[in-house]
Each structure stands twice: as C-alpha cells, then as structure tokens.
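Below is one structure, written out as structure tokens; comments come after it.
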Number of protein chains: 2
Amino acid sequence: MLPDPIQDLIFALERLPGIGPKTASRLAFFLLRAPEELSGQLAEALTELKTKTGFCQECFNITTAGRERCEVCENPQRDGSMLCVVEEPLDVLALERMGAYSGKYHVLHGVLSPIEGIGPDDLKIRPLVERVRRGEVKEVILATNPSMEGDATALYLRQQLLPLNVHLTRLARGLPVGGDLEYADQNTLLRALTGRQEMS
Amino acid sequence: MLPDPIQDLIFALERLPGIGPKTASRLAFFLLRAPEELSGQLAEALTELKTKTGFCQECFNITTAGRERCEVCENPQRDGSMLCVVEEPLDVLALERMGAYSGKYHVLHGVLSPIEGIGPDDLKIRPLVERVRRGEVKEVILATNPSMEGDATALYLRQQLLPLNVHLTRLARGLPVGGDLEYADQNTLLRALTGRQEMS
C-alpha cells in the first residue's frame, strides 16, 4: 500500500532499539513533510558515523578517526594512577558529565555473558590487565553496571587484577539520590543497609 | 567531549519528534556498534525518501515519484462516489488497514490553525471543492481528527461543500472499542450519550 521509499525507511527505523512499527511510521511521515535538509543531515551523519570514528588505542573509548588516543588519554591533567573500568563509551560520557572524576578510563565494550556467548576474549580485558601491569595505575575502580552480568564481570576482573597488587574498588550501592525509600527494591535496600555510613 | 561524527548524529536525531537527548545518544551508540549495513540502509532510505516519492495529483496521498495517481485512485474497483477527507497520508493508511472502506480519499495535508498561521489556502481544500464540483462524488465523509483543529476544519469544509449539494457525513464519536467507561473523559462520554444508538 505504501510507496517503496517510505516502506524502506520504516523497515530501517524499526530495526532501531525501542522503535516499533507505529513510531517508525510516525517518524517516516514526519521526515517526509520536514524540510529536505533534515533528512539530508541525518543521512550524512549516519554515513560519517562509521567512517569518521575510531577507538582510542589506550582506553578503547570512541574517538575521531585517525587519532590514536582519545581526549581524556591525551589530556596531561588527567590522573593516570586512577583507572575507571566501564562497560560502554556512554558510561564514560555519564561520568564525565558528573565532572568530579579526574582519572582515566578503560572501556570494556560489553559484559561477560555466557548465555550470549560473550567470554573474556570478546571484551577489552587483556589490554586492561596489560595496562595495569605496566605499573602506573594505583587504583582500579570497577564501574560496571549494578546488574547480574555487570557484577559477574567485576568479579572476573577482580580475579585477574588482584595478583597485580593494585587497589581495587567498586562504585557504592545504595538508595539513589532523590529516590524514595518506600519504592526502593529489596536488593537496593539491603545494599543501602549493609553499606550504611558513619554519620560521626 | 564526544567525537564530532557522533555528536552530529545525536543532534540530527534529537530533531525528530519524541526523541530527546537520552534516546538520541542511545540510538547513536547503538548504530555505532551495529553492523555498518544498518546505518547504510537508513542513510540510503533517508536519501531516497524525498527524491523517490511524490503526491497523487488527484487525492494528494503520497505515491512513488513519477506516477501521477496513487494506487487507490488508479484502482477501478474503488467507488469514486464516496470521498473520505483526512488530514494526513498516515490516516489513509489507518483506514486502509481497517479494510472496510471501498471509496476514495482526499488528503488535506494539515488542519486549519490560525495560531500557527495555517489558513485554507495552505491545505488542499480548493482541489477538494473542485473535485466535488465535477459531480462524480455523492458522499463526502469528513474524517479529520476529533480535536479542536480537526473540528474547526470540518466545519469550514461543511461551509464550502454544502452549496454543492453533496451528502456530508462525519465519523462517529463515542467510546473507543475495548476502552473502559470509567476512564472515558467527559467529552467522549457526552458524545457517546448524545449519539446513543437504537438497539431495536
């Protein structure tokens, strides 16, 4: 019923996460009516996404293609003795937005997941171990997600890093700021209780 | 902080309706990790969207570029004496999906909206009046949205079409099928009551 060019766009949009058939057709018809400049801008950005980005050879964060190291790694102000290990480049962004961390990062690009067949060699774990072994790093902050896979990955990393005599920490668990005790789930509440802090 | 190619894509995605900064960056990072074929497919569909589509010269529904009339208008099985007037091409799609309408359509491409400066000449109203004046059409079903602007547009169309001695109808208002009386708003309930039907 729909002309092919629109149907093709709807099919392509439907493949994105969180976008179902209804949203896809709404977006397609919005783009159809919008000035040509908008769909052109999107198409260009999509084309350049893969060709013009690369990964930092030190921390595996994303960076502009052709540059060997990312902005954080190149910044001499950043403290190379602290390493925050995260799952995805988006996590680096969230921590940078906080503006209170002055160390460096290491992006794993995923978590261990036996069900999906993702083992240690599919993640950037070996480069992490080598990086720590070089000796500059004094503290490794494990900042994987507070999920089952994130916890399992953190435990595996602990096993790998402990022999290297480095200080290992994890992000604190507890009640989210602005959250409501009444609505906190059992696990979060248990973590908040066991990790309770001295008020001095 | 983010490399330009990703930031550009996030900015472009944010301009789409219903997509905020968080969703935009989630989508951008998804595309970054997804196989190149997906972003390529999207980019191509976006480029072809404007170049390979056009509007039916009779009902103003979208159609493949180069074709003068859309599938519905070209279909000799469709009843040319019935005309369903809708706001957008998506509305045609919804009515076609229903599968119970055998007449033709007329797409206005918007609604009257004095606040946004959209007057009768910005919509496909004149071609509609001309189409009805030609005499083939016996019934015009006004199927604008049940909103303030949709109602105002329907009233304006009534004014224009009444002198042409054509049968004018509107889509029924009432409780949506599968809905719950308890959650129906006052206006819908009022419409359902005043438009109540004989059970015979």
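A, B, ... follow the sequence lines: proteins, then strands. Residue 1 opens every chain.
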With a 4.5 Å limit on heavy-atom distance, are the side chains of A:Asp4 and B:Thr64 in contact? no
Going from OG1 on A:Thr47 to CD on B:Glu36, what distance comes out if it is rounded to the nearest 0.5 angstrom? 9.5 Å
Most chain B-contacting option - heavy-atom pairs closer than 4.5 Å, from A:His109, A:Glu48, A:Glu71: A:Glu71
Honestly, the part of B:Glu14 sitting under 4.5 Å from a heavy atom of chain A is neither
Where do A:Ala28 and B:Leu49 come nearest, in terms of heavy atoms and distance? O-CD2, 4.1 Å
Is B:Val85 reachable from B:Leu112 through a run of I, L, V, M, F, W or Y residues, each pair having side-chain heavy atoms under 4.5 Å apart? yes
Got a sec: does the CE of B:Met98 have more than 12 other heavy atoms crowding it under 6.0 Å? yes
Out of curiosity, A:Leu42 CG to B:Arg15 CZ, how far, rounded to the nearest 0.5 Å? 8.5 Å
Is there a path of hydrophobic side-chain contacts, each under 4.5 Å between heavy atoms of I, L, V, M, F, W or Y residues, that connects A:Ile125 with A:Val137? yes
Please determine whether the number of non-hydrogen atoms from other residues, nucleotides or ligands lying under 6.0 Å from atom CZ of B:Arg69 exceeds 12. yes
Counting only heavy atoms from other residues, nucleotides and ligands, does the tally under 6.0 Å from CD of A:Glu68 exceed 12? no
Toward chain A, the part of B:Ala65 with a non-hydrogen atom under 4.5 Å: neither
Spell out, yes or no, whether B:Phe29 and A:Ile118 are grouped together once hydrophobic residues are joined by side-chain heavy atoms under 4.5 Å, including indirect joins. no
Verify the neighbour count for atom CD of A:Glu116: are there more than 12 heavy atoms of other residues, nucleotides or ligands below 6.0 Å? no
Applying a strict 4.5 Å limit to non-hydrogen atoms, the region of B:Leu27 in contact with chain A is side chain
By a 4.5 Å heavy-atom criterion (distance strictly below it), what part of B:Arg33 contacts chain A: side chain, backbone, both, or neither? both
Which atoms of B:Glu88 are under 4.5 Å from chain A, going by heavy atoms: the side chain, the backbone, both sets, or neither? side chain
Please name all residues satisfying salt bridge (charged side-chain N to carboxylate O under 4.0 Å, His left out) with B:Glu136, sequence neighbours left out, ordered by chain then number. none
With a 4.5 angstrom heavy-atom cut-off, which part of B:Leu16 approaches chain A: side chain, backbone, both or neither? both
For the hydrophobic clusters of this structure (ILVMFWY residues joined by side-chain heavy atoms under 4.5 Å, transitively), does one cluster hold both B:Leu93 and A:Phe30? yes
With chain A, which of B:Asn61, B:Thr63, B:Thr51 has the greatest number of heavy-atom pairs at distances under 4.5 Å? B:Thr63
I'd like to know which of B:Ser25, B:Gly18, B:Ser39, B:Pro3 tops the heavy-atom pair count under 4.5 Å against chain A. B:Pro3
Rounded to the nearest 0.5 Å, what's the gap from NZ on B:Lys52 to CD1 on A:Ile6? Could you check? 13.5 Å
Nearest heavy-atom contact between A:Leu46 and B:Ala43 is CD1-N, 3.9 Å
For B:Ile10, which atoms come within 4.5 Å of any heavy atom of chain A: side chain, backbone, both, or neither? neither
Hydrophobic cluster identity match, A:Leu164 and A:Leu157, side-chain contacts under 4.5 Å: yes
At a 4.5 Å cut-off on heavy atoms, which part of B:Arg26 comes close to chain A: side chain, backbone, both, or neither? both
Rounded distance (nearest 0.5 Å) linking atom CZ of A:Phe55 with atom CG of B:Leu32: 5.0 Å
Would you confirm whether B:Lys50, through its side chain, and A:Leu31, through its main-chain N or O, come within 3.5 Å as a donor-acceptor pair? yes
Heavy-atom pairs under 4.5 Å with chain B, option from A:Arg67, A:Glu37, A:Glu44 with the top count: A:Glu37
Shortest non-hydrogen contact from B:Leu38 to A:Ala12? CD1-O, 4.2 Å
May I ask you to name which of A:Gly54, A:Pro89, A:Gly40 has the most heavy-atom pairs under 4.5 Å with chain B? A:Pro89
